[in-house]
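Working notes, beginning with the structure itself.
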Amino acid sequence: MSFVYHFDIAALCLAVVIIIEYLIRATIKSRQTNAFLNLLFAATTATMFDLGSCFALEYADVLPLWFNHFLLLGFNIFYHGLAPLYLYYMIVSSKTDEERFKTSEYLLVFVPYSLDVLMVLTNGLTHFVYNIDENFVYHTGFGAYISYGLAFVYLALGVVYFVKRRKNLHGRQIMNMIVYSAILFLSLFIQLTHPSVLVVDFGVMLSILIMAYTMESPAYYEEQQLGIYNRLAFETFTSNLIANGKQFAVVGIKAEGLSDFRQLVGIGSVSQLRNEIAKYLVSIMGRPNVFSFTESRFAIIVDGGESEVEMITKKIRRRFDNPFMANEEGIRLGCSMCRFAFPRDAQSTESVMNLLEYSLTKASESGKDAVIVADTALLEERRRTTQVLRILKKALAENRFSVYYQPIYSVENRRFTSAEALLRLYDDDFGFISPEEFVPIAEKNGLIVKIGEYVFREVCKFISTNKIWEKGIEHIDVNLSPMQCLQDDLHERLTSIMDEHKLDYSRISLEINETASLVSAKLLRQNMQRMTDSGIRFSLDDYGSGFANLTTVVEYPFSIVKLDKKMLWNAMKSDKAMTVLRQTIRMMKQLSLELIAEGVETEEQAQLLAYYGCDFFQGYYYAKPQNAESFLKFIENNMDAKEEEAI
């Protein structure tokens with residue numbers, strides 16, 4: 001048989017290109033990389049044996065027969081190994097480095113191949129795979145077709161495995177595996193139908209080339225602008241350290257202010273600053289240990305103890321105390337950091353990644369130059385945050401929030417005339433979750449506007465359905481988040497809901513705190529004025545807590561001011577605080593504002609506030625927050641009691 005071996009020569013050329021690329025450019029070693037290199041080695045070796053056996057068969061009459069058999073034996077062993085190595089690579093690519101191979105997966109990959117190799121090794125006795133007759137002509141045996149069939153089975157299993165695990169793969173991996181599988185199927189089909197055209201090795205090598213410049217390219221792990229490794233490289237590198245039982249420490253760095261500088265000095269200057277930061281980190285740690293995560297976030301891996309980590313964080317702090325150069329100008333940047341160790345503080349790649357990102361965010365939120373020593377408690381806090389976020393999304397999708405109502409007592413009328421709507425969240429596994437916990441999470445994750453609108457709609461429905469003004473409740477106070485206050489169409493959103501329930505606008509009073517004005521004072525003022533003109537009143541919440549001041553009271557159209565409970569509680573313990581409380585009430589009354597005192601828990605507090613001229617009381621001394629049904633019963637009983645008292 002005369003063979004067309006030009007494709008093998010082309011395959012060998014491709015192999016040389018790929019090998020040179022790997023030699024001149026470093027890459028992150030991983031189980032996937034090792035699987036790729038095994039596939040590359042097997043394909044290159046199979047191609048060399050294939051070419052050698054083709055030439056040897058042409059000169060079979062002058063070369064020793066054993067030499068031909070040796071070349072054909074080597075070719076068949078490596079050639080038949082390409083399909084199982086393909087399957088092995090597919091399985092590895094969809095696993096993390098920590099995820100162990102199942103015994104069934106090992107058996108699936110290696111047992112059929114072992115039987116195939118046994119068939120090749122015994123070919124000298126059986127001639128089942130191939131045979132060279134007395135005229136030195138090569139003949140394909142039935143065993144070769146079994147091997148081809150087995151290769152198709154391996155490829156099919158690879159595709160099945162890929163489909164089952166595709167959710168664990170990213171877009172580039174999916175596209176690469178589709179192309180790789182298609183090329184292999186096509187080349188195997190051509191080889192099977194045209195045995196003399198040696199195209200499989202070329203198809204395999206072409207697929208490997210695509211792999212080398214996509215999934216396995218060293219550039220895949222690099223932040224090329226900075227010349228350091230990226231987030232994926234960090235994840236892969238730490239996975240390898242963990243898999244090998246190595247101990248290490250991680251230091252996360254966030255350069256504060258880079259986003260602000262982009263707007264002031266442009267992208268080019270920010271790039272220079274990032275390069276300066278990267279160069280410095282490389283100078284103290286070496287390139288293999290420095291990683292870029294985002295525009296402003298970096299991480300370094302320290303192969304040392306606590307003292308070395310402490311020394312490195314101090315070095316970084318000192319460097320950030322001095323300006324970085326951009327366009328020949330010195331620019332000072334803040335620096336937030338976190339640090340932790342494996343396995344003391346994190347026990348897996350996932351926990352390392354989570355702890356790094358979460359603790360660095362916490363450090364940044366704590367203010368410039370903060371350093372957080374992260375630990376398992378912080379990781380548990382992150383897990384808790386993730387779980388609460390999941391519960392919030394579920395509650396929003398399934399309307400599982402509850403609205404409670406806390407009655408507010410009027411001193412003048414000597415009865416309850418209003419109430420505050422309070423959001424409550426219950427989960428079967430976690431029980432009641434405090435608003436102090438879930439509201440900040442909702443704000444950070446963009447859910448607070450939808451939640452706020454849900455509460456507003458529920459309150460309007462409750463007021464309208466039960467006609468609570470007939471039970472003495474003149475209005476309900478509803479909290480608005482800062483994000484809601486900054487919606488251009490806030491007036492239309494809220495009034496449309498009230499119109500839907502045929503509700504008089506005076507039945508709602510909106511509570512906000514000073515945070516809303518810090519984002520956009522002009523928009524907040526416009527929104528408040530439009531709604532005030534429609535008859536909706538506003539309360540300033542948390543006055544005296546540090547979140548609201550006199551300027552806010554004067555500049556915005558508030559009708560009511562709610563004194564924070566701490567203001568009252570502190571006054572009961574301190575003469576100075578008592579003076580502040582007394583003068584605050586006096587001042588608000590002079591501004592013609594109504595006052596609600598929160599946190600009233602004793603008769604002594606109520607009498608004191610009434611003496612100073614406070615208008616309304618809210619607190620456990622009068623009533624706790626209640627669900628809608630209990631609240632209705634409470635105000636009905638309260639009305640009955642007042643009627644009996646009048647009689």
Side-chain angles (χ1 to χ4, degrees), residues 30 95-100 168 229 231-254 256 285 289-291 293-294 296-314 316-317 335-394 425 427-434 436-445:
S30 66
K95 290 180 179 288
T96 66
D97 282 333
E98 296 170 47
E99 195 176 356
R100 295 182 179 276
N168 297 340
Y229 289 125
R231 185 185 189 280
L232 178 61
F234 177 87
E235 188 173 358
T236 304
F237 192 63
T238 52
S239 291
N240 290 336
L241 291 176
I242 292 171
N244 293 321
K246 303 287 186 181
Q247 295 186 10
F248 60 92
V250 175
V251 177
I253 305 107
K254 184 176 189 294
E256 302 288 356
M285 294 304 303
N289 298 308
V290 180
F291 305 84
F293 271 53
T294 64
S296 59
R297 294 190 176 201
F298 300 84
I300 57 177
I301 292 179
V302 183
D303 184 17
E306 189 68 24
S307 58
E308 185 175 352
V309 174
E310 183 72 27
M311 179 186 67
I312 289 169
T313 55
K314 287 181 179 179
I316 296 171
R317 169 69 60 229
C335 174
S336 302
M337 285 189 283
C338 67
R339 57 188 178 92
F340 58 89
F342 174 88
R344 184 190 66 198
D345 305 313
Q347 291 75 44
S348 66
T349 303
E350 182 182 7
S351 61
V352 167
M353 299 298 293
N354 288 339
L355 189 56
L356 173 60
E357 294 183 353
Y358 187 70
S359 58
L360 199 51
T361 298
K362 294 285 284 187
S364 182
E365 290 173 350
S366 299
K368 284 188 176 181
D369 303 333
V371 180
I372 284 186
V373 180
D375 54 18
T376 52
L378 197 62
L379 193 59
E380 185 57 39
E381 179 184 318
R382 199 260 183 192
R383 291 195 188 101
R384 170 79 180 187
T385 300
T386 302
Q387 291 165 336
V388 171
L389 178 59
R390 174 184 56 78
I391 294 168
L392 281 171
K393 290 179 178 178
K394 183 178 180 182
L425 178 60
D427 181 75
D428 293 337
D429 297 324
F430 287 80
F432 281 103
I433 302 173
S434 168
E436 293 181 358
E437 179 180 13
F438 72 73
V439 169
I441 295 172
E443 289 176 336
K444 287 181 181 179
N445 290 275

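Position 1 is the first residue of the sequence; numbering continues from there.
- Side-chain contact between R297 and R231 is absent, with no heavy-atom pair separated by less than 4.5 Å.
- The OH atom of Y229 sits 11.0 Å away from atom CD1 of I301, with the distance rounded to the nearest 0.5 Å.
- For the pair S351 and L379, the tightest heavy-atom approach, listed with the atom from each and the gap, is CB-CD2, 3.5 Å.
- No side-chain heavy atom of E437 sits less than 4.5 Å from a side-chain heavy atom of L425.
- Under the rule for a side-chain contact (heavy atoms from CB on, under 4.5 Å), the partners of T386 that lie at least two apart in sequence or sit in another chain are R382.
- A donor-acceptor contact shorter than 3.5 Å is absent between the side chain of S364 and the backbone of L360.
- When every heavy atom of F237 is checked against every heavy atom of N289, the shortest pair comes out as CE2-OD1, 4.3 Å.
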Under the side chain to side chain contact (heavy atoms under 4.5 Å, CB included) rule, what do V352 and F340 come out as? Steps first, then yes or no, please.
CA-CA 9 Å; V352 167; F340 58 89; 4.1 Å; yes

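- One distance of note links CG of L241 with CZ of F342; it measures 8.5 Å at 0.5 Å rounding.
- Atom-to-atom distance recorded for E306:CD and R344:CZ is 5.0 Å, nearest 0.5 angstrom.
- The residue from L355, D345, V309, L356 that alone fulfils the side chain to side chain contact (heavy atoms under 4.5 Å, CB included) condition with V250 is L356.
- Within 6.0 Å of the CG atom in D303, the count of heavy atoms belonging to other residues, nucleotides or ligands does not exceed 12.
- With values rounded to the nearest 0.5 angstrom, Q387 atom CD is found 9.5 Å from D427 atom CG.
- Within the 4.5 Å cutoff, the side chain of V251 has heavy atoms near those of the V302 side chain.
- In this structure, E365 does not pair ionically with K254, as no charged nitrogen and carboxylate oxygen lie closer than 4.0 Å.
- Atoms CG and OG1, on L389 and T385 in that order, are 8.5 Å from each other to the nearest 0.5 Å.
- E380 and R383 are joined by a salt bridge, as a carboxylate oxygen and a charged side-chain nitrogen come within less than 4.0 angstrom of each other.
- With rounding to the nearest 0.5 angstrom, the OG atom of S307 is 9.5 Å from the CD1 atom of I312.
- A pairwise comparison of heavy atoms in S336 and A363 identifies OG-O, 3.7 Å as the closest pair.
- Classified by interplanar angle (parallel below 30°, tilted 30° to 60°, perpendicular above 60°), the ring pair F291/F234 is perpendicular.
- For Q347 (side chain) and P343 (main-chain N/O), a donor-acceptor pair under 3.5 Å exists by modelled atom type.
- Residues R317 and V371 have side chains in contact (heavy-atom distance under 4.5 Å, counting atoms from C-beta outward).
- Proximity of M311 to E308: side-chain heavy atoms (C-beta onward) are separated by under 4.5 Å at one or more points.
- Contact of the I300 side chain with the I316 side chain is registered, since non-hydrogen atoms from C-beta on lie closer than 4.5 Å.
- A pairwise comparison of heavy atoms in C335 and M337 identifies SG-CG, 3.7 Å as the closest pair.
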